[in-house]
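Contents: one structure, followed by commentary.
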Amino acid sequence: MAPVFSPDIIARVKDETDIVEIVRQHVSLKPAGGVYKGLCPFHAEKTPSFIVTPARQRYHCFGCATGGDVISFIMETEGVTFPEAVEILARPLDIDLSAWLKEDEGEGERRAYHRANEAATQLWRDAFWDDDMGRKGRSYLLDRGFTEKVMREFDVGWAPGGSGWLESGLAKAGVDRELAISSDLLRNSDRGGSPFAYFRNRIIFPIKSISRQVTGFGGRVVDQGEPKYLNSADSPYFSKGKLLYGFDASRMSIAREKTAILVEGYLDLLALAQVGITNVVATCGTAFTPEQARLIKRGARNVVLLFDGDKAGLKAGVRSADIALKAGREPKIVRLPQGKDPADVVIGDGVEVMHQILGEGVGYVPFLKALADASGGDREVNERALRQALGTVAGIEDPLRREYVLQEAAEVFGLTPDLLREEVRKEAASKLAPRRGGPAQKQRPEPQGSGNKAGNVSGPDGKAPAKRRTGPVVRRQLTMVNTASIETDMLSHILMDDSGQAARIFVAERGDLKLEHPAASILASELEAWQSQGAGSSPREFVVERWNTTGDGTYRGFVSQLISKEDHPVSTDSIRVVQDCLGRLQAHFKRQKWADGQHSARESEEVPGAETPPTTES
C-alpha cells in the first residue's frame, strides 16, 4: 500500500517549495506583475495563457483549464502518483518521511543504499571523463556517433579494471565495505581475501527510480567480452523487472505525447534522445514485464515497440505487445531493417528515417495477421495467429476493452464476433479451472437402471427420484460479475471527463444503487457534493482539492489509482461508458436482491417448522 502523508506534512511541502522554480524546470516563465506567464506544458499554444501565482502557490492555464498546486503539477508533468510527487518535493527540503514509509522499508537503510549508489555513480562518471582512465569507453561511444551532451545528461560512466580503485573511492565518500557489498557494488570472493568490484572494464548506465534515485546499474563491454550486458542483482530496493531505464528523464515527454517508445538497449535510448526523440524508455536487461507496462500506464495510452530488426527482436515485439495490451495500453509494433537496431538507424540513416519508421507502427492484432500473410496466409497459419490473438484477448481484465479488441480481431480475420467470443470464453475458463478446484475430479458412473428422456435415473418404483437441493444456482452465477472492476472503470471515466457531464449523469441516475467498495461510496458522496456546490470546477479538481480532509488512507489511495488510470481508448465516450456501467451495476443489484429473497425462502423451507403450521395426528 502506498504511504499516506498527514495534512501537516503535505502543507509543509507546499509551503517550503517554490512553485515558480519547480515550474521553471518545465516551462519558460516571464514575470508579469504579481504572476509569471508562459506557454502551457499541457497543450499546444502560441500565445501564453499559462500563469503561476507565487502568492497562492498555484498554477492555472486559461486555455485548457488545467490548474492546481505544486504537487498536482509534478503529478501531471512527470506522470507520478500523489505519494511519489510528495517524496520528490520533500527530498531536497530534507523533510523526514520515515514515519510514512513501509515498515519493512526502513528510511535509514534505504537512504544508505541510495547514498552508496550515488557515490559509485559519481566515481564512475569522473572516471569516464578522465583523459586516461575513461579513454576506452569514451572513444567507443564517440566513434559510434554519440555526443558528449547526451552522455553527460544520462550520467554515463566507466568502471575501470581492478577492485581496489572502487573500494578506495567509496571509502573516501563515506561508504564502508559492508555497505558496498550489501549494495552489490563489491562482492566477496569465493577464494577469500578482499572483495572484488562487480562492474569492471564496462560502460556504466545508472538506472534511476521514478523519484530520481539511483537504484542500480547496467554495464556494457566495449569489446567481445561476455556477457555483453551486466546488471545489478535484484534487491529490496532494485528490481530489473519493475524499472525502466530513462523513465525519470522521459516521463514528462511521455505524458505530453501520450506515447512511450520502448527499446531494449541503453544505447538505443541514448541514440534517440540525442536527436530529440525523448519519450523513450528501455528495459533493464529483461523481457518486458507487466510491472513495467503498469509503470508506462501512468502517463501514456500508447506504446511503440521499437526492437532490433532480427527474429529475436520480432518475437520480443509480439510478446511485449501482448503484455502491453493486457495492461490496458495501445501497442504498435515497428519493424526495423534486418540486422539493424534503433541506434544504427538513427545514427546511420538519420532522424527523418526514424520518424518515418515510427509512423509505420502496426497494432497487435493486425500485426499478427500481417505475419500470417507473410508466411503464406493459408488456413493453418491464420488459425495459429488468430488463436494467439484470442489468448491475449482472454487475458484482458477490463470487459469493455476486451470486447473492443475482440471485435477488432473478428474484423481483421474475417470471422463473426459471436464465434470468437465463445472461443475467448473457453480460453478464459481453461485458465481459471486449475485455480478454482485443482485437478478435475473423475466423473462417477451413473447407477444402472432405466433412464427417462430427461436423463434422470429412475427409482425402484419407476418414478424419478426427488431432486436434491443443490443451493441457489443463480447466486453462484452472480458472483461471476466483477462489480469492483465495473465500479473502478465507471468512476475513472467520471474523473477523466472534465466537462462534468458524466458525473452529472451518475448523480442523476444512480438512484439507490450501493457501491461495494467503501472508498467508492465515499467518492460517490463527493461527486454529489460537487454538484450541490455548483460544479464550479471539474469533478477531478474538486475531489483532489478535498481528498486530504475526506476519508482515510484507503480512500486517498483509491482516488490516486483512479486518477492515474489512463487505459481508455482515445475515442472513448465517457458518458456512454458511465451509463453502461450504471446499467450493469443496477441490473446486478436487482438480481442480487432477488437471489437473496430466493435464498431466504429456501432456508425457510428447509428449517423444520419454519412458516409451516404444526400437524396433529388423527
Sidechain N-carboxylate O distance under 4.0 Å for [X], [Y]:
X	Y	result
E257	R301	no
K340	D310	no
R402	E397	no
D373	K369	yes
D322	R319	no
E118	R115	no
D248	R212	no

Going through the distances and angles, do L400 and D580 end up as a side-chain contact (heavy atoms from CB on, under 4.5 Å)? CA-CA 10 Å; L400 295 176; D580 177 69; 3.7 Å; yes
How far apart are the closest heavy atoms of [X] and [Y], and which atoms are they?
X	Y	answer
A180	L170	CB-CD1, 3.9 Å
W124	P160	CD1-CD, 4.3 Å
P206	F217	CA-CD2, 3.8 Å
S183	N117	O-OD1, 4.2 Å
A249	F154	CB-CE2, 4.2 Å
H43	C64	ND1-SG, 3.5 Å

Reported [atom1]-to-[atom2] distance for the pair [X] and [Y], which is rounded to 0.5 angstrom:
X	Y	atom1	atom2	value
L325	S320	CG	OG	12.5 Å
E167	L186	CD	CG	5.5 Å
D130	R125	CG	CZ	14.0 Å
L244	K208	CG	NZ	15.5 Å
Q338	D308	CD	CG	10.0 Å

Validation row: [X], [Y] side chains within 4.5 angstrom (heavy atoms):
X	Y	result
I254	V280	no
Q388	L368	yes
F146	L267	yes
F205	D155	no
L306	L262	no
V214	I207	no
R425	E422	yes
L305	V318	no

For E330 and R401, what are the C-alpha separation, side-chain angles and deciding distance, and is it a salt bridge (charged side-chain N to carboxylate O under 4.0 Å, His left out)? CA-CA 11 Å; E330 295 288 348; R401 183 176 184 79; 3.2 Å; yes
Considering residues at least two apart in sequence or located in another chain, which fulfil the salt bridge (charged side-chain N to carboxylate O under 4.0 Å, His left out) criterion with R540? E76
Geometric cation-pi criterion R187 and Y198, 6.0 Å radius, 45° cone: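 The answer is yes, since R187 meets both limits relative to Y198.
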Would you find a donor on one side and an acceptor on the other, under 3.5 Å apart, between the side chain of [X] and the backbone of [Y]?
X	Y	value
Q292	T289	yes
R138	G157	no
D184	A233	yes
E45	S49	yes
R335	E360	no
N382	G377	yes
N302	A260	no
R200	G161	no
N279	S253	no

Does the side chain of [X] pick up a donor-acceptor pair with the side chain of [Y] at under 3.5 Å?
X	Y	result
Y364	T392	yes
R135	Y140	no
Q407	E411	no
T147	Q274	yes
T416	D418	no

Yes or no on side-chain contact (heavy atoms from CB on, under 4.5 Å) for T66 and Y59, after CA distance, side-chain angles and deciding distance? CA-CA 8 Å; T66 301; Y59 69 92; 4.1 Å; yes
Strictly under 6.0 Å, is that where the ring centroids of Y266 and Y229 end up?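 Under 6.0 Å, so yes.
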Parallel under 30°, tilted from 30 to 60°, perpendicular over 60°: which one fits the rings of Y237 and H114?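 The arrangement is tilted - the two ring planes meet at 30° to 60°.
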Mutual orientation of the aromatic rings belonging to F73 and F50 [parallel < 30°, tilted 30-60°, perpendicular > 60°]: tilted
Please step through side-chain contact (heavy atoms from CB on, under 4.5 Å) for the pair L141 and W158, ending with a clear verdict. CA-CA 11 Å; L141 293 181; W158 173 255; over 6 Å; no
Listing request: all salt bridge (charged side-chain N to carboxylate O under 4.0 Å, His left out) pairs with a residue in residues 140-152, at least two apart in sequence or in separate chains. R144-D344, E148-R152, K149-E153
Please determine whether the number of non-hydrogen atoms from other residues, nucleotides or ligands lying under 6.0 Å from atom CD of E291 exceeds 12.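 Counting other residues, nucleotides and ligands, CD of E291 exceeds 12 neighbours.
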Any chance CZ of R576 has more than 12 other-residue heavy atoms, nucleotides or ligands included, within less than 6.0 Å?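 Counting neighbours around CZ of R576, 12 or fewer heavy atoms of other residues, nucleotides or ligands fall under 6.0 Å, so no.
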Would T259 and K332 count as a side-chain contact (heavy atoms from CB on, under 4.5 Å) here? Give the steps. CA-CA 10 Å; T259 299; K332 288 190 176 180; over 6 Å; no
